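Working notes for the structure below.
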There are 2 protein chains.
Amino acid sequence: MARSSVSIYDIARIAGVSTATVSNVLNGKGRFSQATKELVESVAAEQGYVASYAAKVLREDRSRTVGILTPDVSNEFFSAMVLGAEATLNDAGYSSFICNTGNRQDRAAASVRSLMEKSVDGLVFIGGSRGAEPAVVGDLPCVLSDYETQTLPARCAVVGNDLRGMTRSQAAVLARRGCEHIAYVGVGTGGRRWKTSPRYLGYLDALDVLGLEPMAALESPIEGASRDEAKAAVVEAFARNSSVDGLVAPGDRIALGCLDALLELGVEPGGDVRLIGCDDSVYSRIVTPAISSVDRHVPEIAAQCGRAMLAMLAGEEPVGQVLVPYDVVERETTLGPSA
Amino acid sequence: MARSSVSIYDIARIAGVSTATVSNVLNGKGRFSQATKELVESVAAEQGYVASYAAKVLREDRSRTVGILTPDVSNEFFSAMVLGAEATLNDAGYSSFICNTGNRQDRAAASVRSLMEKSVDGLVFIGGSRGAEPAVVGDLPCVLSDYETQTLPARCAVVGNDLRGMTRSQAAVLARRGCEHIAYVGVGTGGRRWKTSPRYLGYLDALDVLGLEPMAALESPIEGASRDEAKAAVVEAFARNSSVDGLVAPGDRIALGCLDALLELGVEPGGDVRLIGCDDSVYSRIVTPAISSVDRHVPEIAAQCGRAMLAMLAGEEPVGQVLVPYDVVERETTLGPSA
DNA sequence: TTGAAAGCGGTACCAT
DNA sequence: ATGGTACCGCTTTCAA
């Protein structure tokens, strides 16, 4: 069912040579005459021969395949990451298995197991869900990006932005534009632990430096549809305390929700209340008013993920940590509507 | 490197049973005592045993894996499709290999080949690129969605919307709102052949029924960044002929480009010129003015793709063609800014 | 330059 | 209930 039934034996038999020779010719290894080469190649083509990867993997104990785990490729940030990492890997002859974990530990664990069964040569973890992977991956090369863990896998590279620095920059921008009551919209970042997250700490850093008082951070316990949550959280927060004049959002979907809230509340984004998101997605550019954001250089992060993996795959030592620069992009929600 | 080195032989030896028994226990097949079961399971767990998929596939000649080919998962329409199809497949115990072809024939062909090497049990083609696959896939079950081909694979289901009907509906909506000079923005749909595409034909259908004259369709030879292309095409078209008062776009990115163009030209979207896109992506909802669009019921298409594949995988006859309904969603660009 | 054969890690048939 | 073993398709020594 799965595979056309013609095997290397068939080719060998029809061509009147041994399987060793067929293998050599088709892989360009070893020595063989030009005549043999042509013969074998023509027979193989004629028969529509497709080599069995399974047999190859079984024999070679390496699959030239890596697993990429991500919460959800329908999220534009993750899909761009996956696409970029995959491209880099592909160029080097590696395929990738993409797994959507839905940000759930059980699915992530199942995926890791399934990937290991498939003899993947490495694992790339992109985004969100943290779990007990290190225990199970053994010495499989791993790349982590935007991934929180307590214990790193044995052979592991970490690539991404300086998250703490990013929120620091976001808050700083708001302050520069005159905000004095800046809140962090801690929605959808993973529940209970977000108050110790690098991003939140960066926010605190900035306020500390600026001599401003941190606002009771806006927060919602639910993960998932972050846009609506964020909206609800902001609306509710303003009902409690309307002195807020700056919002730091850790992602553009959340920022979108903030914008929804501001519009609904009738306050002027970029005027009464300034707002800055993160990821610089298309969304932030096309809404009105356009949302200031942080360009994380996603293509570069993705490529670096791929490269870090390839380096380990080639037997090199893990590169350790790779920091990719980011840029603040100001638009109407910090510059004001006139911009 | 790839796999932890503990094999079924190790488990058998340590547990003091045969490999056959280990296999039976771990797969819940055959007969064995409770004691044996517990023994084997504990040894396996203890040793961190992970079965080799490669060996399994080689032996069973089926991989419980399907290949999903798509132009580009960073496109929100495709990523939603992929995600949905994958989910349905996953629930039934199938993994999927996702391949981004970049809409290029050579990459698609290479991907198909690579997938077949990997003994995938089926192939799902989502979107755009048409090629000579049917010749090479043999009797592998295939699902095609939004995929143009002349010749269908042997075992094949086609699932998606009635494309011709969709553009017909789009044009009809514009006409109902009073448009009399409706143009089809044929950008990025694949170059030379789009004038025979179902979508374009649907547009012609509608104009015919309505007794309107088809406009020289706007067109751009380049594929790719459809938004900017569309903008350029529309701007240029208006320079030539400013009587156009309705635009049918085959996708939201293109619609976005149309909107850009209208705004740049200083004509009022929804007033002077009405516009309707397709796919009902987030974009169409969050821009100002909001773009009317066609909700294609993507989650349902995706699920049907998965189900059609599963049915064939289970040995059933291909379901043939599955048509998924769609809805027109009117927003400001057809209803007018007051809406 | 070519070939014979072992072995990768499972599964399943056939004995016992 | 359990074990022995052939076999899946390929790569890779080692010999010829």
Side-chain angles (χ1 to χ4, degrees), chain A residues 1-41 43-44 47-65 113-114 116-121, chain B residues 1-41 43-44 47-65 113-114 116-121:
Chain A
M1 181 97 299
R3 183 167 41 272
S4 65
S5 49
V6 30
S7 81
I8 198 171
Y9 288 102
D10 301 312
I11 307 304
R13 185 173 37 73
I14 296 172
V17 299
S18 73
T19 61
T21 298
V22 176
S23 176
N24 282 335
V25 169
L26 264 23
N27 294 296
K29 293 178 181 174
R31 243 165 289 279
F32 43 81
S33 70
Q34 181 63 23
T36 313
K37 174 180 155 76
E38 282 164 13
L39 174 63
V40 168
E41 281 175 346
V43 172
Q47 302 292 320
Y49 171 66
V50 178
S52 158
Y53 223 68
K56 210 176 283 209
V57 171
L58 178 57
R59 173 66 217 221
E60 298 185 332
D61 198 28
R62 62 105 85 114
S63 60
R64 292 199 162 276
T65 296
R113 186 178 181 82
S114 151
M116 294 189 67
E117 281 181 347
K118 285 168 183 130
S119 305
V120 292
D121 297 336
Chain B
M1 182 97 297
R3 184 164 43 271
S4 65
S5 50
V6 28
S7 81
I8 198 173
Y9 289 102
D10 300 312
I11 307 304
R13 186 171 36 74
I14 297 173
V17 299
S18 73
T19 60
T21 299
V22 175
S23 177
N24 281 335
V25 169
L26 264 23
N27 294 295
K29 293 179 180 173
R31 244 165 289 279
F32 43 83
S33 70
Q34 181 64 22
T36 313
K37 175 180 154 74
E38 282 165 13
L39 174 62
V40 168
E41 282 175 346
V43 171
Q47 302 292 321
Y49 171 67
V50 178
S52 158
Y53 223 69
K56 209 174 284 208
V57 170
L58 177 58
R59 174 67 218 217
E60 299 184 333
D61 198 30
R62 63 105 85 112
S63 60
R64 291 198 163 277
T65 297
R113 187 178 180 83
S114 151
M116 294 190 67
E117 282 183 346
K118 286 170 181 127
S119 305
V120 291
D121 298 336

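Treat the numbers as computed from the prediction; the structure is a model and nothing was measured. First the proteins, then the strands, lettered A, B, ... as listed; each starts at 1.
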How long is the straight-line distance from NZ of B:K37 back to CG of B:L26, given to the nearest 0.5 Å?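 NZ of B:K37 is found 9.0 Å from CG of B:L26.
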Let me confirm one number: the NZ-OG1 distance from A:K118 to A:T65, rounded to the nearest 0.5 Å.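 Going from NZ on A:K118 over to OG1 on A:T65, the span is 10.5 Å.
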Side-chain donor-acceptor pair present, A:K56, A:S52, cut-off under 3.5 Å: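 There is no such pair (donor and acceptor under 3.5 Å, judged by atom type) between the side chains of A:K56 and A:S52.
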Over how many whole Å does the gap from [X] atom [atom1] to [N] atom [atom2] extend?
{"X": "B:D61", "N": "D:dC10", "atom1": "CG", "atom2": "P", "answer": "11 Å"}
{"X": "B:R62", "N": "C:dG10", "atom1": "CZ", "atom2": "P", "answer": "17 Å"}
{"X": "A:I11", "N": "D:dG9", "atom1": "CD1", "atom2": "P", "answer": "12 Å"}
{"X": "B:E60", "N": "D:dG9", "atom1": "CD", "atom2": "P", "answer": "13 Å"}
{"X": "B:Y49", "N": "C:dG9", "atom1": "OH", "atom2": "P", "answer": "10 Å"}
{"X": "B:L58", "N": "D:dC8", "atom1": "CG", "atom2": "P", "answer": "9 Å"}
{"X": "B:N24", "N": "C:dG9", "atom1": "CG", "atom2": "P", "answer": "20 Å"}
{"X": "A:R31", "N": "C:dG3", "atom1": "CZ", "atom2": "C1'", "answer": "16 Å"}

Phosphate OP1/OP2 of [N]: any [X] side-chain N/O under 4.0 Å:
{"X": "A:T19", "N": "D:dC10", "value": "no"}
{"X": "B:S23", "N": "C:dT11", "value": "yes"}
{"X": "A:S33", "N": "C:dT2", "value": "yes"}
{"X": "B:S18", "N": "D:dG4", "value": "no"}
{"X": "A:K56", "N": "D:dG9", "value": "no"}
{"X": "A:K29", "N": "D:dT11", "value": "no"}

Hey, does B:F32 have a side-chain heavy atom less than 4.5 Å from the side chain of B:V40?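 SC-SC contact between B:V40 and B:F32 ruled out.
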By the 4.0 Å heavy-atom rule, please label A:V22 as base, sugar-phosphate, or nothing.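 Nothing, no nucleic acid heavy atom in range.
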Check every strand shown and say whether B:T36 touches a base, only sugar-phosphate, or nothing at a heavy-atom separation below 4.0 Å. sugar-phosphate
Per the atom types in the model, does the base of C:dG10 pair as donor or acceptor with the side chain of B:Y9 at under 3.5 Å? yes
On a plain distance test, is the side chain of A:R59 in donor-acceptor contact with the base of D:dT11 below 3.5 Å?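 Such a pair exists between side chain and base.
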Evaluate B:Y49 against B:V43 for side chain to side chain contact (heavy atoms under 4.5 Å, CB included), listing each step before the verdict. CA-CA 8 Å; B:Y49 171 67; B:V43 171; over 6 Å; no
Toward the 5' end of DNA chain D, which comes first, B:G16 or B:A55, by nearest nucleotide? B:G16
Just compare D:dG4, D:dG9, C:dT11 and give me whichever is closest to any side-chain atom of B:N27. C:dT11
